[in-house]
Amino acid sequence: MSKAPQRPRGTQDIFGEAAARFDHVIATFNRLRGLYGFGRVEVPVFEATSVFARSLGETTDVVSKEMYSFEDRGGESITLRPEFTAGIARAYIENGWQQHAPLKLAAWGPLFRYERPQKGRFRQFHQLDAEVLGAAEPAADVEVIALAAHLLDELGIAGDVTLHLNTMGDPATRSAWSAAVAAHFAAHRDALSADSQRRLVANPLRILDSKDDGDRALVADAPRIDDFLTAEAGAFFEALQKGLQASGITWERAPRLVRGLDYYRHSVFEFITDALGAQGTVIGGGRYDGLIGMMGGPETPAVGWAGGIERLAMLVAEPKIGGLVAVVADRPENEAFAYLTTDRLRKLGWACEMAYRGNAKRQVELAKKRGAMAILFVRTAEEGGPAFHVQPLVPFFDEATLRSAARLTAGLDSMVGAVSLATS
RNA sequence: GCGGUCGUAGCUCAAUUGGUUAGAGCGCCGGUUUGUGGUACCGGAGGUUGCGGGUUCAAUCCCCGUCGAUCGCCCCA
């Protein structure tokens, strides 16, 4: 047992009901992003380390300790993608996608971060991602947020999740506010927790979401960004809120919600639930007008979000699994008819399966255990062709469904000859 | 990186203050019964108690380490 291979820490084998939830989240996302005109984009799962290192700037902890980086055989430093945005930005620059701007893109897939696992936090995890590149208008922010809100609604979890919204303003706003916040906390340095004294040097804005009770008192009368907004930044935030309101989206103003990296501008938002403990952010995003320019591309405004598939999957209701029609040959000599029936059913769009082994009785038992919707017994009619007996197993396997089955057998009729349909 | 809790059949869990051949349900395999079929009964397989070391006459239980899981902190792109 101990010699058997064990999956690496923080990875998961997703199966059964959990896999069905996972799948449901992705399917819903794919459907909705189509409704909003977001095209699918595929970018590499690994990139040159510099792609992520640059987008993360000098956040040394993140770059040095929390990325899966290694040297390939050519001696190049490679990193497993810890986020989508940097790779998409790289692709945008490299392929000259500015010709397509404004470009609406969607992606989903695995991401990797070398972190201590917690509830809803893994080393290989999966995210949905939606980005609008090359649009400076607040309408783009409205649209990506609307997509996120719609997704939560379709997943049936909108009631558990709150949209927290803030603005970082433009660069002038941000630097003025940031400096004021730093000055405020510096003036009360001795009252800050040890962690926050460290933040004061590394990233003062992060003190705003400290969990320390003592810090919170100081945070309460920290300078507010609203007092530093330039006319332009204020107008942008105003337009965003008007757009959201007109779209029927509700939100909570979160004046202390921030992004540490300074290429973020204007909108910052997170959809948060309290149903998942400390890892309550289910979708997070914002506008990152400074990123593409910083990575060496043309100055390009952009806005987007990413959502944790695992976290979303934990919140969705149990999807109904199964629902197959089990085809059972009453006797071995009916197997050929059963194969034919199964084939026809599938080509007519019915989900169905035949058991691999066991006699008819056993197959019935297993079909029931597996949650089949109905059992279709294939028999031999007195005239020699196949005869069928339908046994519904679930309440919603109703008359319409039975009629469809009748139509199926009618189709078989022309192929096989004499057919009789027996229903109970 | 730091701290708390946890780790016993395939799964969910038991096992009196450390005490003899570590149990049950479900699942799995086989049989009987039933017979348009989810039944009931009988039997069977399956564990070096995560792994390694220590204390003890004796360890699932106590101690140390390690690997995982879980909850929180740090971090959060």
Side-chain angles (χ1 to χ4, degrees), chain A residues 1-13 15-16 47 51-67 79-89 111-123 125 127 129 193-196 198-199 202-203 205-207 209-212 215 257-264 268 270 276-281 284-286 288 291 294-295 304-306 308 326 328 330-331 357-372 374-379 387-394 422-424:
Chain A
M1 190 176 186
S2 64
K3 286 173 187 164
Q6 204 174 7
R7 68 171 175 268
R9 176 174 219 180
T11 61
Q12 22 175 11
D13 302 310
F15 169 78
E47 297 267 4
V51 169
F52 304 115
R54 275 219 235 172
S55 85
L56 294 170
E58 298 307 316
T59 41
T60 49
D61 249 30
V62 169
V63 172
S64 62
K65 297 188 170 182
E66 296 177 16
M67 297 200 311
T79 295
L80 268 32
R81 65 181 180 200
E83 58 160 334
F84 278 106
T85 309
I88 291 174
L111 303 175
F112 305 85
R113 297 180 187 178
Y114 193 88
E115 295 183 296
R116 185 88 177 242
Q118 283 180 43
K119 187 181 187 69
R121 187 174 195 178
F122 304 91
R123 287 185 171 182
F125 60 104
Q127 284 190 343
D129 188 85
S193 66
D195 278 331
S196 286
R198 192 173 41 71
R199 291 182 183 114
N203 198 345
L205 290 180
R206 279 288 163 202
I207 299 175
D209 47 32
S210 170
K211 287 166 185 162
D212 183 86
D215 289 349
L257 177 61
V258 295
R259 289 281 115 97
L261 300 169
D262 59 10
Y263 53 75
Y264 282 100
V268 192
E270 294 187 357
L276 294 178
Q279 308 300 322
T281 299
Y288 50 97
L291 175 64
M294 200 189 83
M295 288 180 71
W305 54 256
V328 174
D330 234 15
R331 281 182 293 173
R357 69 172 73 98
N359 58 22
K361 173 190 167 174
R362 184 72 181 135
Q363 289 182 26
V364 170
E365 286 174 7
L366 290 177
K368 289 180 174 179
K369 257 177 216 169
R370 288 166 66 84
I375 296 170
L376 181 67
F377 292 94
V378 179
R379 300 169 172 171
F388 302 105
H389 170 71
V390 177
Q391 184 185 7
L393 295 175
V394 290
T423 55
S424 49

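In what follows, chains carry the letters A, B, and so on, assigned in the order in which the sequence lines appear, proteins first and then strands, with residues in each chain numbered from 1.
When each of A/Tyr264 and A/Thr11 is assigned the nucleotide of RNA chain B bearing its nearest heavy atom, the one mapping closer to the 5' terminus is A/Thr11. Between A/Pro117 and A/Lys211, it is A/Pro117 whose nearest contact on RNA chain B lies nearer the 5' terminus.
The side chain of A/Arg9 contributes an N or O atom lying less than 4.0 Å from OP1 or OP2 of B/rA69.
In this structure A/Ser196 satisfies the side chain to side chain contact (heavy atoms under 4.5 Å, CB included) test together with A/Leu192, A/Ser193, A/Arg199, A/Ile207, A/Ser210, A/Asp215, sequence neighbours excluded. The ring pair (Phe, Tyr, Trp, His ring centres under 6.0 Å) check on A/Phe125 picks up nothing, with sequence neighbours excluded. Taking the side chain to side chain contact (heavy atoms under 4.5 Å, CB included) definition, one finds that A/Ala86 meets it with A/Val51, A/Phe52, A/Ser55, A/Glu83, sequence neighbours left out. Applying the side-chain hydrogen bond (donor to acceptor under 3.5 Å, both in side chains) criterion to A/Asp212, with sequence neighbours excluded, gives no partner residue. Scanning for salt bridge (charged side-chain N to carboxylate O under 4.0 Å, His left out) contacts around A/Arg81 gives an empty result, with sequence neighbours left out. Residues passing the side-chain hydrogen bond (donor to acceptor under 3.5 Å, both in side chains) test with A/Glu66: none are found, sequence neighbours excluded. A/Arg9 meets the side chain to side chain contact (heavy atoms under 4.5 Å, CB included) test with A/Arg116, A/Pro117, A/Arg123; sequence neighbours excluded. Applying the salt bridge (charged side-chain N to carboxylate O under 4.0 Å, His left out) test to A/Asp209 and every residue at least two apart in sequence or in another chain returns A/Arg206. Scored by the side chain to side chain contact (heavy atoms under 4.5 Å, CB included) test, A/Gln118 finds A/Arg121, A/Ala278, A/Gln279 as partners (sequence neighbours excluded).
Checked by distance alone, A/Arg121 brings a side-chain donor or acceptor within 3.5 Å of a matching partner on the base of B/rC75. Side chain A/Arg379 to base B/rU36: a donor-acceptor pair is found below 3.5 Å.
One N or O on the side chain of A/Arg259 and one on the backbone of A/Gly285 form a donor-acceptor pair closer than 3.5 Å.
Atom P of nucleotide B/rC71 and atom CD of A/Glu115 are separated by 15 Å, given to the nearest angstrom. To the nearest angstrom, P of B/rU36 lies 18 Å from CD of A/Gln363. Following rounding to the nearest Å, A/Phe122 (CZ) and B/rG68 (C1') show an atom-to-atom distance of 14 Å. One interatomic measurement links the two molecules: CZ of A/Phe52 to C1' of B/rC76, which rounds to 16 Å at whole-angstrom precision. At whole-Å resolution of the value, CG in A/Asp195 and P in B/rG72 are 17 Å apart. One can place CG of A/Leu257 at 9 Å from P of B/rA77, the figure rounded to the nearest angstrom. The separation between A/Gln279 atom CD and B/rC74 atom C1' is 11 Å, rounded to whole Å. Atom CD in A/Glu66 sits roughly 9 Å away from atom C1' in B/rC74 (whole-Å rounding).
Look at the P atom in both B/rA22 and B/rU48: the space between them is 12 Å, to the nearest Å. Rounded to whole Å, the separation between the P atoms of B/rA14 and B/rC6 comes to 12 Å. Look at the C1' atom in both B/rG52 and B/rA45: the space between them is 30 Å, to the nearest Å. Between B/rG10 and B/rG50, the two C1' atoms lie 16 Å apart (nearest whole Å). For the C1' atom pair drawn from B/rC11 and B/rG47, the interatomic distance equals 14 Å after rounding to whole Å. Using atom P as the reference point in both B/rC42 and B/rU60, the two lie 32 Å apart (nearest Å). B/rG23 and B/rG68 have their P atoms separated by 32 Å, given to the nearest Å. With both ends at atom P, the span from B/rC61 to B/rU16 equals 12 Å, rounded to whole Å.
Here the side chains of A/Val364 and A/Phe377 are in contact, with some heavy-atom distance below 4.5 Å.
Using a 4.0 Å heavy-atom criterion, one finds that A/Ala360 contacts the bases of the nucleic acid, with or without backbone contacts as well. A/Gly10 comes within contact range of the sugar-phosphate backbone alone, with a heavy-atom separation under 4.0 Å but no base atom that close. The residue A/Arg199 sits close only to the backbone: its heavy atoms come under 4.0 Å of sugar-phosphate atoms, none of a base.
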(message) Wobble G-U and Watson-Crick pairs count when both distances are under 3.5 Å; given that, what is the 5' to 3' dot-bracket string of RNA chain B, with | for pairing to other strands?
(response) (((((((..((((.....[...)))).(((((.......))))).....(((((..]....))))))))))))....
Between the protein and nucleotides 3-5 of chain B, which nitrogen or oxygen pairs are less than 3.5 angstrom apart?
none

Just the table, please: protein N/O against nucleotides 26-28 of chain B N/O, every pair under 3.5 Å.
from	atom 1	to	atom 2	distance (Å)
B/rC28	OP2	A/Lys369	NZ	3.4

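For the pair A/Lys119 and A/Leu276, the tightest heavy-atom approach, listed with the atom from each and the gap, is CD-O, 3.9 Å.
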